[in-house]
Amino acid sequence: MSSIAAQLILNGVIAGAIYTLVASGFSLIYNVTKFMHFAHGAILAIGAYLFYAFFGLGWAVALPVSIILTSILGALTNFLVYRPLRKRKASSAVLLISSLAAMIFLNATLLAFWGADVKTLPHANPIFDVGIASITATQIAIVAVALLLLLGLTLLMKKTRLGKAMRALADNKDVAQTVGINPERIYTVAFLIGSALAAVAGILIGLEQNLNPVMGIQLVINGFAGAVIGGMTSVPGAILGSLLLGLVENIGIWWLPSGYKGAIAFALLFLFLLFRPQGILGKKQREA
Amino acid sequence: MALLGYFTHLGILVCIYAILAVSLNLALGFTGLLNLGHIAFFGIGAYVAALLGLAGLSPWIDIPLAVVIAALVGVILAIPTARLKGDYLALATLGFTFIISSVARNWTSLTRGALGLPGIPRLGSISVVLAFVAGFALLCFLVVVWISRSSLGRKLQAIRDDELAAQVLGTNTFLYKLIAMGISAAMAGLAGAWYAHYISFIDPSIFSIPDLILLIAMVVVGGLASVRGAFIGTVIILLLPEPLRFIGFPPTLIGPAREMLFALVLLLILLFRPRGILGKVDIS
């Protein structure tokens, strides 16, 4: 195998890990609340920018502070926007539109504070040669963190009381309530965890690429596409789908200009929505 | 005179966006299709008109062609997505917007990519343009009013309210969704073609997501399934940020402030008046 092909495959795996990072928080929230929280993309970008803002104080400060603040911001979005809408019994289409509005609002705030120019996080990023391809330290961190987070999320969902409550709520809200699960409390927790995951994703992506205010939009849609392709309801499916998406995108630029990367992702998503909406590993939903 | 020019400019934009809002309302409000691809039809209309216009075709040929091609693309998008509902339809149509924008950005030999297409011929003075777009906006409004009162409109609303029931009663819901998307896309293409010929420059930023939310805000603020609402929503959302220009707001902040303002208005309407000003139905 030529070294270009090996590098493209490795790039595909790294891109897949990035989508996995993005998809983990987004699909956690989607599975519990049953609507598409597009503002997750803006929250991810804000996480990266907060890290940038505190970067001067050193990693030991910047990392926890930015993750905690982003987590609170996510819960606040839920509290101020989605909770009042749920109280009014708004449909999931209304929640989706409100999440797009929240996304635009948060992105514009970011733009007003930090401007439209690209920001970089200067850090030592040694490159390792692995035979016929090369990988940077940040890329290794991305792949490792993606795997750890998915392992952690699987354990959380399967083994803990909180995870069981989340799955119960996702399965049947009314029955979950009758056994004493408070939906609003679980939603808050889902937004706290999901947004913390968004911050982790944003920071890693910021270290690997650059920061720009609209970085989250394409990422969240690609991450979600990965989750849909793999199967919304299945964690191994989400990894598989994100990996497939990353690979197809990166191998696709063998034939197409690299600018078409995004279009390749959507073409794949489109095909899955049409022919296998439940994804590779997902179970058939009762009502899509 | 400068002030008159400014108001004429606003008038033209209101008419172009009113066509977009009323056509989105046909899909979203009357038929219940959460179509996030509407801005793509607008962009396709603009690009077709711009490319043909720059190639030397008369606007009286390139604008109708833009309408026809946008309508065709609308039908082509509707064929595979007709069986998708709610979130999945939203995601697929949003993906479609990204694909089209990616093509406009990367097919540089045709579209010049991010450089955009300058020098699209104008159709006379701005008052002439205003007269034309106002006429076309009125025409589109009348068409939608007529549809809403015809048996076609009742079928579309039946699909929105209960698709299964409509099927049981013998409506070919697939066909009617195609018709709704085709007409809706045709009007968006018309708006795009006039936009290109008025601004005389377009680039791939025409497919921006904030502009898509702007359109949805116009429809939701005015009210779903209301033709007058679409017009009122357009006027409110388009003119609301204009005072920012005159109160000495820093120019670099006007863009973000505009987006924040209409996102906030959309959120407040969804929270406190979910049916908008004149809306007849909830967003399902």
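A note on names: the letters A, B, ... follow the listed sequences, proteins ahead of strands, and every chain is numbered from 1.
- For the residue pair A:Glu249 and A:Asn222, a side-chain donor N or O sits within less than 3.5 Å of a side-chain acceptor on the partner.
- Side-chain contact between B:Leu28 and B:Asn35 is absent, with no heavy atoms from C-beta onward closer than 4.5 Å.
- Heavy atoms closer than 4.5 Å to chain A are found in the side chain of B:Ile216, but not in its backbone.
- Proximity to chain A is limited to the side chain of B:Leu77, based on heavy atoms less than 4.5 angstrom apart.
- Residue B:Trp107 qualifies as open at atom CH2: its count of foreign heavy atoms under 6.0 Å is 12 or below.
- When the candidates B:Val103, B:Leu91, B:Leu264 are compared by the number of heavy-atom contacts under 4.5 Å with chain A, B:Leu91 comes out ahead.
- If you measure heavy-atom distances from A:Val228 to chain B, the contacts under 4.5 Å come from the side chain alone.
- Both the backbone and the side chain of A:Leu85 come within contact range of chain B, each with at least one heavy atom under 4.5 Å from a heavy atom of that chain.
- No part of B:Leu261 comes within reach of chain A, as not one of its non-hydrogen atoms sits under 4.5 angstrom from that chain.
- Rounded to the nearest 0.5 Å, atoms CG (B:Leu214) and CD1 (B:Ile209) are 12.5 Å apart.
- At a threshold of 4.0 Å, the pair B:Arg258-B:Glu242 does not count as salt-bridged, since none of the basic side-chain nitrogens sits closer than that to a carboxylate oxygen.
- Heavy atoms closer than 4.5 Å to chain A are found nowhere in B:Val265, neither backbone nor side chain.
- For A:Phe113, the CZ atom counts as loosely surrounded, since its 6.0 Å shell holds 12 or fewer non-hydrogen atoms of other residues, nucleotides or ligands.
- Contact annotation for B:Ala92: both backbone and side-chain heavy atoms come within less than 4.5 Å of a heavy atom of chain A.
- Looking at B:Leu94, the atoms closer than 4.5 Å to chain A (heavy atoms on both sides) all sit in the side chain, from C-beta outward.
- Heavy-atom distances place the side chain of B:Leu253, and not its backbone, under 4.5 Å from chain A.
- By number of non-hydrogen pairs under 4.5 angstrom with chain B, the leading residue of A:Leu100, A:Ile104, A:Val81, A:Leu106 is A:Ile104.
- Contacts between A:Leu80 and chain B at a heavy-atom distance below 4.5 Å involve the backbone alone (N, CA, C, O).
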Should A:Thr188 and A:Phe191 be marked as a side chain to side chain contact (heavy atoms under 4.5 Å, CB included) after you check the CA-CA gap, both sets of side-chain angles, and the distance that decides it? CA-CA 5 Å; A:Thr188 306; A:Phe191 272 91; 6.0 Å; no
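- With respect to chain A, the highest number of heavy-atom pairs below 4.5 Å among B:Asp87, B:Thr81, B:Leu267 belongs to B:Asp87.
- Looking at A:Phe105, the atoms closer than 4.5 Å to chain B (heavy atoms on both sides) sit in the backbone and in the side chain alike.
- A distance of 7.0 Å separates OG of A:Ser92 from OH of A:Tyr30, quoted to the nearest 0.5 Å.
- Per-residue heavy-atom pair counts under 4.5 Å with chain B were compared for A:Ile217, A:Leu110, A:Thr109, and the maximum is reached by A:Thr109.
- In terms of heavy-atom pairs under 4.5 Å with chain B, the best-connected choice from A:Ala102, A:Ala263, A:Ala267 is A:Ala263.
- Proximity to chain B (any heavy atom under 4.5 Å) is shown, for A:Leu273, by both the backbone and the side chain.
- Two residues are said to be in side-chain contact when any heavy atoms from C-beta on lie closer than 4.5 Å; A:Arg83 and A:Tyr187 fail this criterion.
- Between B:Val22 and B:Phe231, every side-chain heavy-atom pair lies at or beyond the 4.5 Å cut-off.
- For A:Phe270, the CZ atom counts as densely surrounded, since its 6.0 Å shell holds more than 12 non-hydrogen atoms of other residues, nucleotides or ligands.
- For chain B, the nearby part of A:Phe38 is the side chain; its heavy atoms alone come within less than 4.5 Å.
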